[in-house]
Amino acid sequence: MTAPVLYDLTHQVTTGMPVYPGDPAVSLRPALTTATAGVNVLSVHLGSQSGTHVDAPYHVDVTWPTLDGLPLERFTGPAVLADLRALPARSAVTAGQLAPALARAVPGAVLLLATGWPRFWGTDRYLAHPHLTPGAAEAIVAAGIRTVGVDALSVDPTPDPGPGDPAVAALLAGLADEHDAPPAAEPQLAAHRILLGAEGGGVICENLTDLTPLLEAQARERPISVSLFPLRLAAADGAPARAVARIG
């Protein structure tokens, strides 16, 4: 009989680590040291959405539950994985592509979306991850799933930051045809709103690390469970989490 194995699915929290565009920068520095105070104490500055973290419904709607209003059961359960690693950058994931995973889901399951995007962590390409269509998010909710994890920055598309050089950005804007109608936009954070707004309140965990060991375990039909417990922040929209998977 194979002994259970634990896998840490959490990015290490470090100064200057990648964050969602516009979010607070992460900074860790000594507040006290053994040399001056007899103990080491770290000063930590970060946003609620830093690193591997969970989103509560309040993240997108002030009338929905905050982090401390959700049951602990939302943050743990048997895991089922959707293998999306073959998808190119900024692909829209459809309900059909999730169908095999959703068919395996049991009550209380946590759906993990494996895009393979952790290989781009710390690079600009990390922002160009695949994302859920509203239809895919609706299929997840219809399957009874209330907790979704992804190894990417977001379940929704992350805006392209555009050229880093302001002069280049201005030139491109000037070349745009003023008669071109902009494409119809989907509601902002549509997948977030569908998943988090599910009956009873949903949970999203973003920025998981490489899910390959879990995909391999699933292919061997080994049982997988996952825990995504966040810091207990009061009235919060989300919080950093220590994501851990148990295989076997």
Side-chain angles (χ1 to χ4, degrees), residues 3-60 62 65-76 79 110 112 114-129 147 149-155 158-159 161 164-166 192 203-214 225-247:
V5 179
L6 297 179
Y7 283 93
D8 196 339
L9 304 178
T10 315
H11 283 287
Q12 190 175 49
V13 177
T14 60
T15 295
M17 70 187 299
V19 296
Y20 192 88
D23 277 13
V26 176
S27 174
L28 283 70
R29 63 178 181 81
L32 301 173
T33 67
T34 53
T36 59
V39 292
N40 290 313
V41 175
L42 199 62
S43 172
V44 179
H45 178 275
L46 45 70
S48 58
Q49 305 283 313
S50 297
T52 303
H53 66 275
V54 299
D55 294 348
Y58 185 76
H59 182 47
V60 294
V62 297
T66 55
L67 190 64
D68 49 3
L70 296 171
L72 289 175
E73 288 78 11
R74 283 288 187 276
F75 305 102
T76 187
V110 176
L112 300 180
T115 68
W117 238 248
R119 68 188 185 275
F120 301 120
W121 176 259
T123 72
D124 290 343
R125 189 169 171 80
Y126 191 66
L127 278 64
H129 54 83
T147 307
V150 63
D151 62 350
L153 190 57
S154 176
V155 294
T158 299
D165 186 335
H192 273 81
V203 166
I204 301 170
C205 184
E206 294 165 325
N207 288 327
L208 295 170
T209 58
D210 184 22
L211 297 174
T212 300
L214 278 62
S225 60
V226 66
S227 296
L228 309 169
F229 292 109
L231 292 174
R232 194 178 182 184
L233 302 182
D237 59 282
R242 187 66 178 265
V244 177
R246 184 181 188 271
I247 298 176

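The structure presented is a predicted model; accordingly, all values stated were derived computationally and were not measured.
- With a 4.5 Å cut-off on side-chain heavy atoms, V13 and L46 count as touching.
- Scanning both residues, T10 and A243, for their nearest heavy atoms gives OG1-N, 2.7 Å.
- Between the OG atom in S50 and the NE2 atom in H11 there is a gap of 12.5 Å [rounded to 0.5 Å].
- Taking both residues in full, the closest heavy atoms of S48 and G238 are given as CB-O, 3.4 Å, listed atom of the first, atom of the second, then distance.
- Residues A235 and Y58 come closest through the heavy atom pair O-CE2, 4.2 Å.
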L228 and V203: CA distance, side-chain angles, deciding distance, side chain to side chain contact (heavy atoms under 4.5 Å, CB included) verdict: CA-CA 10 Å; L228 309 169; V203 166; 5.6 Å; no

Chi angles and distances behind the side chain to side chain contact (heavy atoms under 4.5 Å, CB included) call for T76, V226: CA-CA 6 Å; T76 187; V226 66; over 6 Å; no

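- Using a distance-only test at 3.5 Å, with no hydrogens or angles considered, a donor-acceptor pair links the side chain of H53 to the main chain of G51.
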Criterion side chain to side chain contact (heavy atoms under 4.5 Å, CB included) on R246 and S227, from CA distance to verdict: CA-CA 8 Å; R246 184 181 188 271; S227 296; over 6 Å; no

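- A side-chain N or O of D237 and one of Q49 form a donor-acceptor pair less than 3.5 Å apart.
- Within the 4.5 Å cutoff, no side-chain heavy atoms of P4 are placed close to those of I247.
- Between P159 and Y20 the shortest side-chain heavy-atom distance falls below 4.5 Å.
- T158 and H129 share a donor-acceptor pair across their side chains, judged by distance under 3.5 Å alone.
- Here the CD atom belonging to Q12 is positioned 11.5 Å from the OG1 atom belonging to T209, to the nearest 0.5 angstrom.
- Among all heavy-atom pairs drawn from A79 and L112, the shortest one is CB-CD1, 4.0 Å.
- For the atom pair F229 CZ and C205 SG, the distance stands at 11.5 Å (nearest 0.5 Å).
- Between P230 and L67, some side-chain heavy-atom pair lies under the 4.5 Å cut-off.
- Around atom CZ of F75, more than 12 heavy atoms belonging to other residues, nucleotides or ligands sit under 6.0 Å away.
- For the residue pair T115 and D151, a side-chain donor N or O sits within less than 3.5 Å of a side-chain acceptor on the partner.
- Proximity of H192 to D55: side-chain heavy atoms (C-beta onward) are separated by under 4.5 Å at one or more points.
- In this structure, the ring-ring contact (aromatic ring centres under 6.0 Å, His included) partners of Y126, at least two apart in sequence or on a different chain, are W121.
- Between D68 and L70 there is no side-chain heavy-atom pair separated by less than 4.5 Å.
- Taken to the nearest 0.5 Å, the CG atom of L32 stands 9.5 Å off from the OG atom of S43.
- In this structure, OG1 in T34 is found 4.5 Å from CG in N40, a value given to the nearest 0.5 Å.
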Verdict with reasoning, V26 to T15, per side chain to side chain contact (heavy atoms under 4.5 Å, CB included): CA-CA 5 Å; V26 176; T15 295; 5.7 Å; no

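- Heavy atoms only, all atoms of each residue included: A236 and A56 are closest at O-CB, 4.1 Å.
- Ion pair D210/R119 not flagged as a salt bridge, since none of the NZ, NE, NH1 or NH2 atoms sits closer than 4.0 Å to an Asp/Glu carboxylate oxygen.
- Under the 4.5 Å side-chain criterion, counting only non-hydrogen atoms from C-beta, L153 is not in contact with W117.
- N207 contributes atom CG, which lies 9.0 Å from atom OG of S154 (distance to the nearest 0.5 angstrom).
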